[in-house]
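Encoded as structure tokens, the structure appears first; notes follow it.
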Amino acid sequence: MESPAQTPRAARGTTIARPSPTQRHGGRDWPSRARCRDSPVDAFYPPTGESRGLRRRREELAKQVCAECPVRRQCRDYALAADEPYGVWGGMTETERRRQIHRGRPGPE
């Protein structure tokens with residue numbers, strides 16, 4: 001299954017914005033180097049009707065994948081710049097990204 005960085009569709013049928021060539025860092029396509037590239041998409045996106053407890057557990061597991069990712073910063077920066085509304089990107093949940101955007105600061109290192 002494709003990763004959040006690779007799949008053209010997200011949970012609930014929304015389209016994931018792909019990074020443009022100008023958003024690629026160092027002339028490389030960072031999604032192809034993402035640690036999540038071989039993970040199931042549903043590990044990073046909430047299914048319809050997910051309980052609060054299951055959501056926290058899923059997000060915790062996704063963040064563990066992100067913590068070991070060599071392109072976590074590029075992924076996070078992309079999600080913040082694109083105002084990505086769904087899923088865990090660069091170790092940040094939807095709620096955490098909304099808070100960061102509201103504060104106008106970069107996310108965790």
Taking every non-hydrogen atom, the tightest pair across G91 and C66: N-SG, 3.3 Å

Considering all heavy atoms, the nearest R58-P47 contact: NE-CD, 4.3 Å

Nearest atoms (heavy-atom pairs only) where Y78 meets W30: CB-CZ2, 3.5 Å

With R57, which residues qualify under salt bridge (charged side-chain N to carboxylate O under 4.0 Å, His left out), at least two apart? E60

Could you report the tightest heavy-atom contact between G90 and C75, atom names first, then the distance? N-SG, 3.2 Å

Report the distance from atom CD of Q74 to atom CG of D29, rounding to the nearest 0.5 Å. 11.0 Å

Which heavy-atom pair separates C69 from A34 by the least distance, and what is that distance? SG-CA, 3.8 Å

For the CD atom of E84 and the CD1 atom of I101, what is their distance to the nearest 0.5 Å? 10.0 Å

Side chain to side chain contact (heavy atoms under 4.5 Å, CB included) between R76 and W89: does it pass, once the steps are laid out? CA-CA 6 Å; R76 181 206 62 213; W89 288 73; over 6 Å; no

Atom of S39, atom of V65 and distance for their closest heavy-atom approach: OG-CG1, 4.4 Å

Residue of the set K63, R97, E96 for which side-chain contact (heavy atoms from CB on, under 4.5 Å) holds with V88: K63

Can you tell me how far the OG atom of S51 sits from the CZ atom of R56, to the nearest 0.5 Å? 8.5 Å

N-O pairing of R99 and E94 below 4.0 Å: no

Atom pair CZ/OG1 of R98 and T93 - distance to nearest 0.5 Å: 7.5 Å

State the CZ-CD distance between R35 and Q64, to the nearest 0.5 angstrom. 10.0 Å

